[in-house]
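A short worksheet on the structure shown next.
In each ligand, atom 1 is the first atom listed, and ligand 1 is the first ligand listed.
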Amino acid sequence: MKLAHLVEPGSKLKLRDIDPRDKGPFDDKQDSKIAELSAKLNARLCTLQERLFAEQKRGVLVVLQAMDTGGKDGVLRHVVGPLDSRGVMVQSFKAPNSEELAHDYLWRVHQHTPKKGQMVFFNRSHYEDVLVVRVLGLQPKDVWSKRFDQINDFERMLTAEGTRVVKVFLHISRAEQKQRLEERLKDPDKRWKFEAGDLEMRALWDEFQGAYEDALSRTSTREAPWYVVPADRKWFRDLAVAKILVDLLEDMDPRYPEPHLDLGKLVVPD
Ligand code: ATP
Ligand code: MG
């Protein structure tokens, strides 16, 4: 069953063609199939992640990108939260500090790529350097436009060295963002999340969508594909992300290591 949209390498993505309200084969939120599938995927994800950690041979890097209020934190809470924290790390990338700005843009990112056995989730990532940097004009075109190839090279290197890379764009509609920002303004429990800059960014909605279309089209590769996840419905978003991760780990097929002792001969004393 396909829930998310793979950006075919070499194709030109049009976000308008993907409905953010898509709910796949499900009727509505009450659909009992949803709860069933969600429980099944989460359990499978936990098992596979434990195996990846036990195996200690390969890493997984999951890049999460979205427009503001797109639901990155929700995915991290619902899908990533239940995983075994020994083998999982979440790394958030804010606007770079002066030390980071004094280096190349991949410097701060590379330090947080997974070690063997680890799954690392990037909450924003090096993609900001071809998104917000482009839209706000923080670097000239001749600088950011070279970054698509550089990013592909970087991710190809990670893959060749034993890290699987998968990238997820949470796709919300403009109307849904309006609603979520209004909630942040009205709901006393959500007000703390609101930042004045959120409205300035919203005004650049079309520019960001265009920058996302270019970035995803240019950097979706066989070894490090992009998936677009319809994300107006939070339950569908979480299901779709869990499915992407389960499919990836099933493909990797991590194995528990062989015991290095002859366990059959050992006896636990009384
Ligand atoms: P929330 O949904 O809770 O607001 P967030 O991911 O938006 O979470 P913020 O602290 O609000 O977190 O935003 C981080 C900001 O850092 C974003 O506006 C993003 O565009 C900016 N940022 C990230 N990387 C870069 C970069 N390389 N250059 C410039 N700005 C960046
Ligand atoms: Mg924000």
Roughly how far, to the nearest 0.5 Å, is CG of Leu199 from NZ of Lys178?
10.0 Å
Between ligand 1 and Ser125, is the shortest N or O to N or O distance under 3.5 Å?
no
How about Thr219 and Tyr127: do any of their side-chain heavy atoms sit closer than 4.5 Å?
yes
Check each atom of ligand 1 against the heavy atoms of Asp73 and keep those under 4.0 Å away; list them by number with element.
2 (O), 3 (O)
Can you name the closest pair of heavy atoms from Trp226 and Ser220 and give their distance?
N-OG, 2.9 Å
Check: Trp107 main-chain N/O paired with Gln111 side-chain donor or acceptor under 3.5 Å
yes
Which of the ligand 1 atoms, numbered from 1, are nearer than 4.0 Å to a heavy atom of Val133
28 (N)
Residue Val132 vicinity, atoms of ligand 1 by number, heavy atom under 4.0 Å:
20 (O), 28 (N), 29 (C), 30 (N), 31 (C)
Just which atoms of ligand 1 are under 4.0 Å from any heavy atom in Asp129?
27 (N)
Could you name the option among Arg108, Arg124, Glu200, Glu100 that has the heavy atom nearest to atom 24 (N) of ligand 1?
Arg108
Does Glu128, backbone or side chain, put an N or O under 3.5 Å from an N or O of ligand 1?
yes
Distance col, row Leu131:CG vs Met67:CE, nearest 0.5 angstrom, shows 9.5 Å
What atoms in ligand 1 come closer than 4.0 Å to a heavy atom of Phe93?
23 (C)
Return yes or no for this condition: an N or O of Thr69 is under 3.5 Å from an N or O of ligand 1.
no
Purely on distance, is any nitrogen or oxygen of Pro96 under 3.5 Å from one on ligand 1?
no
Does the residue Arg180 have a heavy-atom contact with ligand 1, meaning some pair of atoms that are separated by less than 4.0 Å?
no
Out of Lys94, Met67, Lys193, who gets a non-hydrogen atom closest to atom 10 (O) of ligand 1?
Lys94
At less than 4.0 angstrom from any non-hydrogen atom of Asp68, what atoms of ligand 1 do you find?
7 (O)
Can you tell me which residue among Arg16, Arg218, Lys14, Arg134 is in a salt bridge (charged side-chain N to carboxylate O under 4.0 Å, His left out) with Glu213?
Lys14
If we check side chain to side chain contact (heavy atoms under 4.5 Å, CB included) with Met252, which of these qualifies: Glu55, Lys57, Arg58?
Arg58
Quick look: Leu136 vs ligand 1, heavy-atom contacts under 4.0 Å, and the answer is neither
Which residue is it: His126, Gln150, Arg147? I am looking for the one with a side-chain hydrogen bond (donor to acceptor under 3.5 Å, both in side chains) to Tyr105.
Gln150
Ligand 1 contact by Arg184, heavy-atom criterion under 4.0 angstrom:
yes
So, does Ser11 use its side chain to make a donor-acceptor pair with the main chain of Glu8 at under 3.5 Å?
yes
For a quick test of reading the model, state the closest non-hydrogen atom pair linking Phe154 to Thr113 and the distance between them.
CZ-CG2, 4.2 Å
Lys72 touching ligand 1 at heavy-atom level, < 4.0 angstrom:
yes
